[in-house]
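Small disclaimer: the values here were computed from a predicted structure and weren't measured. Both backbone and side-chain heavy atoms feed into the values below; hydrogens, waters and symmetry mates do not. Naming: A, B, ... by sequence-line order, numbering from 1 per chain.
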Protein chains: 2
Amino acid sequence: MKSDRVLSTAEERRAKVVASAVAAFARGGLHAVTVADVAKHAGISPAYVLKLFTSKTQLFAAALDECYRRIGEAMERGAAQAEEETPEALLHTMGGAYAELIGERDLLMLQVHAQSAMAEPLIADAVRRGAAGITDYVAARSKASGRQVQEFMAFGQLCHLLTTIDAFGIDEPWAKLLTEGFRHSDPIEPPGGAPD
Amino acid sequence: MKSDRVLSTAEERRAKVVASAVAAFARGGLHAVTVADVAKHAGISPAYVLKLFTSKTQLFAAALDECYRRIGEAMERGAAQAEEETPEALLHTMGGAYAELIGERDLLMLQVHAQSAMAEPLIADAVRRGAAGITDYVAARSKASGRQVQEFMAFGQLCHLLTTIDAFGIDEPWAKLLTEGFRHSDPIEPPGGAPD
DNA sequence: CAGAAGAATGAGTGTACAGTCACTCACATG
DNA sequence: CATGTGAGTGACTGTACACTCATTCTTCTG
């Protein structure tokens with residue numbers, strides 16, 4: 001099965017580099033992570049990474065697209081698991097699928113760092129596309145009310161904050177209060193869910 | 001009234017530099033904004049900025065503390081405006097005060113950038129202190145249920161996202177849906193409010 | 001097997017920036 | 001007015017990093 005080629009095709013490399021970019025940029029964001037970091041993770045030279053993507057910013061944007069693609073997939077999987085087709089049940093399983101997906105923090109942190117890099121038009125566009133895609137899909141698939149979708153997204157954002165500050169590991173009243181009902185290891189989440 | 005001194009006291013300078021740091025770092029975050037940018041905004045030399053704060057990271061952390069201080073003030077003002085002492089009324093006016101405060105986007109963007117710079121322990125600590133302070137204050141002052149406080153914070157986070165992607169200026173269904181009820185110019189906000 | 005097409009790199013280039021330091025100037029005090 | 005303290009800076013240093021390019025190595029095709 002496995003080819004004994006030494007070189008990959010450019011397409012294979014691109015895919016591998018994008019995956020590496022997701023992991024690497026999740027660690028520190030656009031400006032704190034270097035092209036060399038991504039290259040190292042992918043096991044190729046920085047020069048070739050730049051040949052594949054022309055600029056660091058484009059690479060980040062590609063990573064972000066991949067991030068939203070995976071989230072979309074997770075949502076579809078989640079929706080498929082719902083036992084009934086009510087908005088509430090669909091939002092619940094979708095939220096659970098999202099929570100599970102971002103238990104591995106990379107996709108979450110990448111979104112956080114993306115919000116901080118909105119000064120780059122390429123990245124701003126990717127974030128907007130991502131938010132639009134998730135919102136549209138959730139709304140269409142669940143047929144929930146606008147208010148419910150809003151709440152779904154809002155709790156997703158709260159989940160991002162709580163994860164970045166590691167509130168789940170803080171034993172103080174405020175942290176307990178905010179994390180109540182999330183505990184994103186078990187896919188139970190508050191009335192609404194936990195996306196974007 | 002105004003002294004004709006040429007030099008300021010170090011304390012005055014620190015305050016001015018912190019204010020400049022809030023404004024400057026809001027534009028691009030820890031890594032995208034230079035000490036020289038902050039210095040220019042404050043009208044002094046980069047060298048002296050670093051003498052006052054020893055490192056760029058400490059300066060950012062100081063800006064963040066100032067940010068949370070101003071938010072705390074706004075919350076108190078908001079609470080004072082409530083017409084009755086019910087949790088709902090208090091959350092509503094507090095959310096309105098917060099929304100009004102961050103209409104000028106600096107304080108909001110600074111928080112977003114801070115979340116992206118959590119790799120720096122000094123900044124991580126400041127963010128946690130900020131979140132703790134707001135949560136504790138809101139919970140204590142409003143006497144709202146845990147769930148209500150959670151929702152208050154969640155919608156605050158959603159407001160951050162919507163502002164960074166400029167959803168309020170996008171004329172598409174998903175953007176309309178998510179911004180419904182916010183429109184942070186008029187201080188009307190959805191059941192809950194809009195903080196952290 | 002010649003040679004074209006593409007994969008991949010090493011070695012550079014230029015620049016931007018955090019942090020340092022020796023120094024100058026302003027101000028208060030006796 | 002001598003002197004000490006603290007405000008403020010210019011010039012520098014070292015480094016890190018995005019991006020370029022000439023070149024080498026691999027694979028495919030006829």
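Looking only at side-chain heavy atoms (C-beta outward), Ile165(B) and Leu161(B) come within less than 4.5 Å of each other. Glu88(A) places none of its side-chain heavy atoms less than 4.5 Å from the side chain of His92(A). Between Thr93(B) and Glu83(B) the shortest side-chain heavy-atom distance does not fall below 4.5 Å. Counting heavy atoms from C-beta outward, Phe155(A) and Gln157(B) have side chains that stay 4.5 Å or more apart.
Contacts of residues 11-40 of chain B with DNA chain C (heavy atom under 4.0 Å): Val33(B), Thr34(B), Val35(B). Using a 4.0 Å cut-off on heavy atoms, none of the residues of residues 114-126 of chain A approach DNA chain D. Near DNA chain D, defined here as any heavy-atom distance below 4.0 Å, the residues from residues 44-54 of chain B are Ile44(B), Ser45(B), Ala47(B), Tyr48(B), Lys51(B), listed numerically. Taken residue by residue, residues 55-67 of chain B places heavy atoms nearer than 4.0 Å to DNA chain C at Ser55(B), Lys56(B).
Side-chain N or O atoms of Glu76(A) include none that pairs as donor or acceptor with a backbone N or O of Glu73(A) at under 3.5 Å. Under a 3.5 Å cut-off, the side chain of Gln150(B) and the backbone N or O of Leu178(A) do form a donor-acceptor pair.
Remark: Asp65(B) pairs with Ala126(B), Arg129(B) by the side-chain contact (heavy atoms from CB on, under 4.5 Å) rule, at least two apart or across chains.
Enclosure of atom CD in Glu104(A) by more than 12 non-hydrogen atoms of other residues, nucleotides or ligands within 6.0 angstrom is indicated.
Between Arg147(A) and Glu151(A) a salt bridge is recorded (basic side-chain N to carboxylate O distance below 4.0 Å). Using a cut-off of 4.0 Å between Lys/Arg side-chain N and Asp/Glu carboxylate O, Lys176(B) and Asp171(B) are scored as salt-bridged.
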Residues 21-35 of chain B side chain polar contacts: donor-acceptor under 3.5 Å, at least two apart:
{"residue": "Arg27(B)", "atom": "NH1", "partner": "Asp106(B)", "partner atom": "OD1", "Å": "2.3"}
{"residue": "Thr34(B)", "atom": "OG1", "partner": "Ala36(B)", "partner atom": "N", "Å": "3.3"}
{"residue": "Thr34(B)", "atom": "OG1", "partner": "Asp37(B)", "partner atom": "N", "Å": "3.0"}
{"residue": "Thr34(B)", "atom": "OG1", "partner": "Asp37(B)", "partner atom": "OD1", "Å": "3.4"}
{"residue": "Thr34(B)", "atom": "OG1", "partner": "Asp37(B)", "partner atom": "OD2", "Å": "3.2"}

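The heavy-atom pair separating Met94(B) from Val138(B) by the smallest distance is CE-CA, 4.1 Å.
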